[in-house]
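First listed ligand is number 1; within each ligand, the first listed atom is number 1.
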Amino acid sequence: MAEKVLLIEDEDRLRRILKLVIEEAGYEIRTAAEGGKGIELWQNWQPHVVLTDLKMQPVDGMAVLRYGVKHHPHTPCIILTAFGTVAKAVDAMKSGAYDFLTKPVDHSQLLDILRNVMAQRSQGNRRDDALIGSSEAMQAVKREIELVASTDSAVLIQGESGTGKELVARAIHAASARSKGPFVRINCASIPSDLLESELFGHCRGAFTGATTDRRGVFVRAHGGVLFLDEIGDLPLALQPKLLHAVEEKEISPVGGSRTQLVSVKILSATNISLEEMVRKKRFRADLFYRLNTMVVTLPPLRDRGEDIRLLAIHFLTRFSSELGRRPPAVSPPVLEILNAYPWPGNVRELRNAMERAALVCTGDVLEPDHLPPSIREPRATCPQSDEACLDLVAREQALLRAALEQCNWNQTRAARKLNITRSALRYRLKKYGIGGSK
Ligand SMILES: Nc1ncnc2c1ncn2[C@@H]1O[C@H](COP(=O)(O)OP(=O)(O)OP(=O)(O)O)[C@@H](O)[C@H]1O
Ligand SMILES: [Mg+2]
């Protein structure tokens with residue numbers, strides 16, 4: 001089955017041309033001339049990737065993006081923007097867009113992005129359940145997953161940022177009797193607190209300004225399956241009694257409604273801060289804590305399971321190299337030494353990011369220290385970045401571009417070759433980020 005692309009664009013000519021280009025590349029495509037129709041198609045047709053213009057009437061591209069981020073967070077949404085309105089595109093990136101293209105759209109660049117997205121998608125399907133690690137600690141985690149999956153009790157997953165809590169949550173779902181039911185995740189930290197109640201429990205039409213229709217909350221959507229409450233430590237105190245009731249009684253009441261509803265869900269929650277500490281400081285209710293914490297899986301930081309570093313590095317290198325259509329390079333002993341000595345404050349996520357970069361930068365058969373990010377190679381010299389900055393995709397792309405350019409004395413042709421992208425793709429990115437004065 002061909003992969004499905006949804007294109008939302010109000011300029012007739014551009015829409016027709018891009019439709020042809022995308023069709024010819026072998027994708028299935030549907031189009032809409034404004035956001036409202038686009039959202040309808042997104043909902044009913046379930047495309048694998050969405051391309052949307054920003055300025056459209058009556059419903060614009062930002063509304064499409066907001067809809068997508070909320071309802072289809074795993075479907076990449078790419079913004080098409082008129083040249084000169086890049087600031088808007090940057091806002092869109094911050095709101096969760098996957099990438100953006102400036103008009104006139106460079107067809108080969110568009111197809112590059114689509115290929116990339118689709119490759120990640122097929123990789124994603126295969127990798128979701130793979131929990132890599134053979135250390136004693138990880139073997140224990142795998143045994144705990146089997147154990148906690150065999151009951152309907154709530155499970156609290158603890159561990160530093162980047163240790164794999166979400167992966168573990170998905171593994172518990174997959175190993176449980178509810179694996180055929182939905183897995184629904186809600187991130188308590190990223191949803192504004194005034195919207196969280198309605199996200200959790202749903203709302204009735206007219207419950208508050210803007211509630212024009214009934215809406216199902218995550219408890220109802222997860223019915224028959226697993227509800228994953230991510231970053232549970234950020235749940236406002238005011239909402240905690242209602243959540244406690246829902247977890248204990250398996251009964252919820254939508255905001256603005258008088259009737260209650262029974263739901264069957266297994267509750268998983270995750271936190272990278274100590275809930276016990278929060279309970280002590282009276283920022284988290286003890287009764288809710290004990291309820292969520294019936295069973296616990298604790299993920300050790302990567303620095304405490306050094307044996308897994310090599311396995312994980314090879315796993316990620318293989319994955320990212322194959323996405324680039326390359327053979328994975330061998331990991332040289334000096335690289336292994338560096339990886340083993342580094343403290344990995346960002347845990348597995350940081351290692352994954354480093355290997356993603358390495359796979360891109362290394363074009364030969366052997367991975368050398370030079371291919372590692374300077375922050376890992378010389379941790380003290382360049383590590384004061386905040387975690388957020390390290391994890392920021394845009395910042396990483398910029399750093400990668402700068403590193404390649406510096407290594408090539410700012411020769412764009414050579415830098416493009418090093419990054420294995422076309423020169424025009426490189427120039428597009430430099431312009432996009434205003435790197436090297438080519439704004
Ligand atoms: N054991 C593992 N095997 C393979 N991949 C892993 C493993 N642990 C983590 N990862 C990968 O590392 C990245 C971070 O993992 P995940 O998102 O589950 O971390 P987290 O603990 O939820 O972090 P945060 O607290 O920041 O949300 C993901 O890409 C995940 O697939
Ligand atoms: Mg997480």
Side-chain angles (χ1 to χ4, degrees), residues 73-74 76 96 119-146 155-175 183-191 218 226-235 268-275 278 292 296-320 322-323 328 339 342 344-359 376 385-393 396:
H74 299 298
Q120 282 177 13
R121 200 178 72 78
S122 56
Q123 285 289 324
N125 290 345
R126 259 178 286 147
R127 107 190 151 231
D128 261 359
D129 44 3
L131 199 60
I132 307 296
S134 62
S135 61
E136 189 45 55
M138 273 316 278
Q139 287 180 32
V141 166
K142 288 178 193 173
R143 283 194 299 271
E144 281 165 22
I145 289 174
E146 293 298 323
V155 183
L156 179 67
I157 307 164
Q158 300 176 323
E160 287 179 12
S161 182
T163 45
K165 295 184 291 296
E166 186 169 346
L167 212 55
V168 165
R170 291 180 191 280
I172 294 173
H173 171 245
F183 176 89
V184 178
R185 166 178 180 259
I186 178 168
N187 185 339
C188 303
S190 68
I191 297 172
V218 286
V226 167
L227 175 58
F228 177 38
L229 306 166
D230 207 353
E231 317 252 4
I232 187 74
D234 282 270
L235 185 76
L268 309 180
S269 39
T271 178
N272 55 26
I273 47 182
S274 161
L275 281 189
M278 287 190 68
L292 297 176
V296 181
V297 176
T298 304
L299 282 165
L302 185 57
R303 60 185 168 278
D304 291 351
R305 42 179 160 125
E307 310 99 284
D308 291 343
I309 292 175
R310 190 175 150 271
L311 265 185
L312 282 162
I314 292 172
H315 166 74
F316 291 127
L317 263 184
T318 308
R319 201 179 106 202
F320 291 118
S322 81
E323 267 174 30
L339 297 183
Y342 185 70
W344 300 108
N347 291 296
V348 184
R349 182 182 291 114
E350 190 181 10
L351 177 58
R352 173 190 182 279
N353 293 348
M355 291 304 112
E356 182 176 9
R357 176 192 192 273
I376 287 171
Q385 276 172 321
S386 73
D387 268 357
E388 260 150 2
C390 288
L391 301 176
D392 183 336
L393 193 67
R396 278 200 288 135

Nearest neighbour of atom 17 (O) of ligand 1 from the list R349, K142, R170, on a heavy-atom basis
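The nearest heavy atom belongs to R349.
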
With a 4.0 Å heavy-atom cut-off (strictly under), which part of [X] contacts ligand 1: side chain, backbone, both or neither?
| X | result |
| --- | --- |
| F316 | side chain |
| N272 | side chain |
| K165 | both |

Check whether any side-chain heavy atom of D308 lies under 4.5 Å from a side-chain heavy atom of S134, and answer yes or no.
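Yes; the side chains approach each other to less than 4.5 Å.
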
Within-4.5 Å side-chain heavy-atom neighbours: D230 and S190
no

Please round to the nearest 0.5 Å and tell me the distance separating atom [atom1] of [X] and atom [atom2] of [Y].
| X | Y | atom1 | atom2 | result |
| --- | --- | --- | --- | --- |
| C188 | D234 | SG | CG | 7.5 Å |
| L167 | R349 | CG | CZ | 11.0 Å |
| I232 | I273 | CD1 | CD1 | 10.0 Å |

L312 to ligand 1, any heavy atom closer than 4.0 Å:
yes

Non-hydrogen atoms of G162 versus ligand 1: any pair closer than 4.0 Å?
yes

Using distance alone, decide if ligand 1 has a nitrogen or oxygen within less than 3.5 Å of any nitrogen or oxygen in [X].
| X | result |
| --- | --- |
| L167 | yes |
| R352 | yes |
| I132 | yes |
| G164 | yes |
| S161 | yes |

Which atoms of ligand 1 are found less than 4.0 Å from any heavy atom of L131?
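Heavy-atom distances to L131 below 4.0 Å select 1 (N), 3 (N).
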
Main chain of L299, side chain of K165: is a donor-acceptor contact present, judged purely on distance under 3.5 Å?
no

Crowded around R185 CZ? As in, over 12 foreign heavy atoms under 6.0 Å?
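More than 12 within 6.0 Å, yes.
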
Closer than 4.0 angstrom, basic N to acidic O: yes or no for R170 and E166?
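Looking at R170 and E166, the cut-off is met.
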
